[in-house]
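Quick notes on the structure that follows.
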Amino acid sequence: MENKLDRIYDPHSIEQQIYQQWEESGNFSPSDDGAPYCIMIPPPNVTGSLHMGHAFQNTLMDALIRYHRMKGHNTLWQVGTDHAGIATQMVVERLLNAEGTSRVDLGRKAFTERVWDWKANSGGTITNQLRRLGASVDWTRERFTMDDDLSYAVREVFVSLYEDGLIYRGKRLVNWDPVLLTAISDLEVTSEEESGHLWHFRYPISGSAEHVVIATTRPETMLGDTAVAVHPDDDRYQHLIGKTITLPLVNREIPIVADHYVDPEFGSGCVKITPAHDFNDYAVGERHHLPIINIMTPRASIDLPGSRYHGMSRETARQEVVADLEQSGLVEKIEAHQYKVPRGDRTGQVVEPYLTDQWFVKAGPLAQPAIAAVKTGKIRFVPKNWERTYFEWMENIEDWCISRQIWWGHRIPAWYDEEGNIFVARTAEQANEQAKVLHGENDFVLRQDEDVLDTWFSSALWPFSTLGWPQSTKAYETFYPTNVLVTGFDIIFFWVARMIMFGLKFADDIPFHEVYIHGLVRDSEGQKMSKSKGNILDPLDLIDGIELEPLLKKRTTGLMQPELAPQIESATRKEFPNGIPAYGTDALRFTFARLATQGRDIRFDLGQIEGYRNFCNKLWNAARYVLMNSEQTKVMPIDQLSANTSIEKWIIAELQNTTRQIEQAYEIYRFDIASKCLYEFIWDEYCAWFIEFSKIMLRNPETDEATKQSLRASLVSVLDASIRLLHPFMPFITEQIWQTVANDRDGRSIMFERFSDSTVPINEGAVAEINWTKSVISSIRNLRSENDIKPGDKIVAMYQLLGDEPSSWLNQNILLITEFARLSSFKPLKDAPEPAVSSHLVSTEVGDFRIYIQTGDLEHAEEQLARLEKQLKNLEQQIKRTQSKLNNTQFLEKAPAAVIDKERTRLLECEKSRKLIRERQHRLSNHSLTS
RNA sequence: GGGUGCUUAGCUCAGUUGGGAGAGCAUCGCCCUUACAAGGCGAAGGUCGCAGGUUCGAGCCCCGCAGCACCCACCA
């Protein structure tokens, strides 16, 4: 490392080089020393690239990891990626289509080989982006959910659950994506309200002229109706229960049944029942033992050989059915209707309830201990209110459909013989053994189940499968249960709940003690970021910067709806007329930390990150100043500083207060508080006061050498301590400065330094003295500004000690006051009668210390009088309020003594201030009369 | 239909167990002062969504209302 900092802070020139050094030196692996601390990364999809949500989440995890590493813990941040079954298969299928071939052409074996190739060549995007972010994950332990050992864990879990009766196979109505041709789980279906129609049809009663009117949003499914239902207590239809209907168009006799499911208030009170194509109807069908007639192919076209609708898409069939019923005069009416349409979250296609053979996890028994773990406080959600969401879902949990009819994923370890017997086993050999037992000497052929498991199945094992389970490895013994899971609320059901269930079942313990749920990153307007809205910010663009043209291109290419491009382009031009400047990783990370308030979604706009980039610059330049002034000075722990002067004692006190607040904030995951404390301490105390104080003292020829040495040591050591506190949020700039401020680093990294030093007792006297000095300086600055005195002009000032502030405070700090306030002299006013001294005096007070300054003229007298008048008015109000409180016997009886004392003191202070202000008014108005 | 969160300065948000309303950005003055103009000094700006209640005292606790956002659910 160089021993100097460049004049200009340039994040780009330091960040990548530093990360490479960290990674190469193996710094991210556990130290094998100290209490274990472990976080599991939510494995990003291997097809993914870093978005703002990742950047936010990983910033917080890295801060926690770095904090605990510096605290001396044996720290593991387990990294890896998820095979993302459907997403990855879609990506590779698109590539194949572009090449003019297809998944089916290749066949299963060649296709999965192709996916592995893709992964080897293109699957590292997001992990490399994590490096840019500074993530101190242990790359040597990187895992992929389809690694051999993790796949082994998957089979182990599947087989165990099967043996325990918690996995079963069955023909059930599932959510079917007719484009992907696979079942998906309830969670993968999203319902949006859409405009449609409510069709009212007349169904004729068999052998009668009567008919009933049924209403439906899906006319085409009437081809599969097997009943009409009414409410059992509905007087209108009592006489029809048990009779039959001749189903129009199909001419099938179907019964009228009574079922509580029907809401008599809705529509006509009669419901068509299609058990094969509706979840509710399926349940009704089961209750009444109705036949289940499937009328659709997997691609959701009509499957009724011999019917005129056979082969029609569901949309066409709908039109035709309605037209035909219309023709027969069976359409009562058609109403506009808003209704929820279920769509697959991957394809956006309307999902069909579809009757197929699938594998399910029986969730109820697994959920019970998982609920208890949170109820008893073994697992804590932060913020706590998410526990309610968790309970709500867990207490009403449905069985989980885990089989998927795709090729990329963990193949289900089940085999069938020709008679349909199922053999679930860890390996084909074991399945064979089982089959032998059954078949004896007879020949048989086994065929493995074609389906793969839902990707979330393997994700659910992540906290223990990555650590070596089912083997009892050192990592597993050391780091399970992990400390905290950091994730978004959107995957509490998908992932968090299932990890808890499986962790308790298989690793015999909770997977983590705490779950920190963070908010969603939105754009500056509060909109969700999405490609189709064209409002995506790429974290790397914020780090490296991007010109307008490439940004436009990025946002407008590959849109699902290309017609939106012009709109997106103009919005982008308006928001980023000059593109995006490079802010650097540290500024981005710090911004995320500052925005990480409890649970809320966060709005991201460039003003914020710019402010924190400026903070980086501030720190950088402060470090440059310190280097210039204390090059040969040794960095010391805070508790070993000699701290000769009050200002050193004061800044040490401030540092210690800040440290304590930060450590407390980490304990409760308040990254916003921790980062805010750092910002304020470094900028408002260390830079604005301490460095400025030090300049004056170091440059003063009368300062003795010992004091200078002490000051230099404090300057450099407090800087050193500050950047250690800051390191978890800003790893790069702090490393660069840390390497530079001392010569004896020997290639060590700041990431292993202690987070904070031992404390020394706070010197309250020094703190009071410096706070008083700061107030005096601020008051004079204020006076100067109010009187339009140019910052460069030196002025005469005088003071009066009216009370009992220690005169030592003044004597000790008179140089600082004089220099800071740019005074040519600062002397006692003696006992001269005030108005006689000068007609150009204005004054202010700090407690009982009155300060006068000389002004060149009094042209601002009117303004000042107005200001004083306003202050006076405020004071009067306060006095009145305080007095009425103190006159209130109820208040005096019931309020705590401390509060009453406070009010009394306040009253005295206000009255004193009022007196002083009146005096100032008096002086000012007299003088303005004379001038 | 059930649930959750939000509403505080022009904007984005803090506000810990109830005890005199805060920050950043933006705005307005004045300064290119030898670490930093990505800076310094100073100023202005709020009926804490509305309406009640509890309390000596409410931004904070309770009830109601309104608006916004999100989650869950099988209403054809």
Side-chain angles (χ1 to χ4, degrees), chain A residues 5 7-9 191 198-199 214-218 229 261-263 265-274 278-284 337 339-340 353 383 385-386 388-389 392-393 396 489-490 492-493 519-520 522 524 526 528 581 583 587 594-595 597-605 607-608 610-629 664 668 670 672-673 676 679-680 687-688 691-692 695 699 778 781-786 788-792 820 822 867 878 881-882 885 888-896 898-900 902-903 906 910:
Chain A
L5 296 173
R7 222 176 70 75
I8 304 291
Y9 165 63
S191 293
L198 194 58
W199 284 272
I214 59 91
T216 180
T217 54
R218 300 207 54 194
Y261 156 68
V262 181
D263 175 6
E265 305 295 317
F266 189 91
S268 62
C270 296
V271 189
K272 65 190 267 307
I273 300 297
T274 323
D278 184 281
F279 289 100
N280 291 312
D281 293 4
Y282 184 82
V284 174
H337 185 62
Y339 73 125
K340 297 265 185 166
N385 51 295
W386 289 110
R388 207 184 155 108
T389 307
E392 179 61 29
W393 190 70
N396 299 296
F489 58 82
D490 50 331
I492 290 178
F493 308 145
L520 202 71
R522 298 169 174 277
S524 58
K528 229 168 162 169
Y583 295 109
R594 279 298 284 116
L595 294 175
T597 57
Q598 290 275 290
R600 260 208 202 194
D601 286 355
I602 62 175
R603 292 192 186 197
F604 197 96
D605 82 323
Q608 296 159 345
E610 187 184 342
Y612 299 120
R613 190 270 322 261
N614 294 354
F615 177 52
C616 292
N617 186 57
K618 187 78 183 173
L619 177 68
W620 184 262
N621 281 292
R624 286 181 54 231
Y625 165 82
V626 172
L627 279 172
M628 286 174 200
N629 286 280
Q664 285 170 357
I668 54 171
R670 289 301 301 265
D672 57 327
I673 295 177
K676 185 187 163 113
Y679 183 96
E680 288 174 348
C687 291
I691 283 187
E692 296 303 325
K695 285 181 187 169
R699 280 166 201 166
S778 294
R781 282 174 168 173
N782 193 319
L783 267 190
R784 293 181 57 116
S785 187
E786 284 175 359
D788 247 2
I789 298 167
K790 302 254 182 256
F820 262 71
R822 295 196 69 78
R867 240 188 313 257
Q878 275 197 39
R881 210 168 34 195
T882 314
K885 260 189 195 175
N888 184 338
T889 51
Q890 298 266 44
F891 174 73
L892 295 175
E893 272 169 35
K894 293 185 178 169
V899 173
I900 297 172
K902 217 167 154 186
E903 292 295 328
R906 177 175 305 146
C910 284

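Residue numbering restarts at 1 for every chain, and letters A, B, ... go by the order of the sequence lines.
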If I take atom [atom1] in residue [X] and atom [atom2] in nucleotide [N], what distance separates them, rounded to the nearest angstrom?
{"X": "A:L783", "N": "B:rC41", "atom1": "CG", "atom2": "C1'", "answer": "13 Å"}
{"X": "A:R906", "N": "B:rA21", "atom1": "CZ", "atom2": "P", "answer": "9 Å"}
{"X": "A:Q608", "N": "B:rU12", "atom1": "CD", "atom2": "C1'", "answer": "6 Å"}
{"X": "A:F493", "N": "B:rC71", "atom1": "CZ", "atom2": "P", "answer": "10 Å"}
{"X": "A:N617", "N": "B:rG39", "atom1": "CG", "atom2": "C1'", "answer": "9 Å"}
{"X": "A:I602", "N": "B:rA69", "atom1": "CD1", "atom2": "P", "answer": "20 Å"}
{"X": "A:I673", "N": "B:rA23", "atom1": "CD1", "atom2": "C1'", "answer": "13 Å"}
{"X": "A:I691", "N": "B:rG39", "atom1": "CD1", "atom2": "P", "answer": "15 Å"}

With heavy atoms under 4.0 Å as the rule, sort [X] into base, sugar-phosphate or nothing.
{"X": "A:V262", "value": "base"}
{"X": "A:N782", "value": "sugar-phosphate"}
{"X": "A:Y9", "value": "base"}
{"X": "A:F279", "value": "nothing"}
{"X": "A:C616", "value": "nothing"}
{"X": "A:R594", "value": "nothing"}
{"X": "A:T389", "value": "nothing"}
{"X": "A:R822", "value": "nothing"}
{"X": "A:K340", "value": "base"}
{"X": "A:R781", "value": "sugar-phosphate"}
{"X": "A:K885", "value": "nothing"}
{"X": "A:I273", "value": "nothing"}

Between [X] and [N], is there a contact of a side-chain N or O with OP1 or OP2 at under 4.0 Å?
{"X": "A:N629", "N": "B:rA35", "result": "no"}
{"X": "A:R603", "N": "B:rC13", "result": "yes"}
{"X": "A:T597", "N": "B:rA14", "result": "yes"}

Watson-Crick/G-U partner (both atom distances under 3.5 Å) of [N]:
{"N": "B:rG59", "answer": "none"}
{"N": "B:rG10", "answer": "B:rC25"}
{"N": "B:rU17", "answer": "none"}
{"N": "B:rC75", "answer": "none"}
{"N": "B:rG5", "answer": "B:rC68"}

request  = Kindly check if the number of other-residue, nucleotide or ligand heavy atoms within 6.0 Å of NZ (A:K902) is above 12?
outcome  =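 Check fails, neighbour count at 12 or below.
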Does a distance-only test, which skips hydrogens and angles, find a donor-acceptor pair under 3.5 Å between the side chain of [X] and the base of [N]?
{"X": "A:K618", "N": "B:rC36", "result": "yes"}
{"X": "A:E692", "N": "B:rA35", "result": "yes"}
{"X": "A:K676", "N": "B:rA23", "result": "no"}

ask   = Below 4.5 Å, heavy atoms only, C-beta onward: do A:N621 and A:Y9 meet side chain to side chain?
value =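 Of all side-chain heavy-atom pairs linking A:Y9 with A:N621, none is under 4.5 Å.
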B:rG53 and B:rC63, which share atom name C1', separated by this distance in whole Å =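 My reading of the C1' atoms in B:rC63 and B:rG53 gives 7 Å.
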ask   = If the C1' atom of B:rG29 is compared with that of B:rC61, how far apart are they to the nearest Å?
value =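 B:rG29 and B:rC61 have their C1' atoms separated by 44 Å.
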ask   = Think A:K618 forms a cation-pi with A:Y679, using NZ or CZ under 6.0 Å from the six-ring centre and within 45 degrees of its axis?
value =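 No.
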RNA chain B: 5'-proximal contact among A:W393 and A:R218 (nearest heavy atom) =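 The 5'-side residue here is A:W393.
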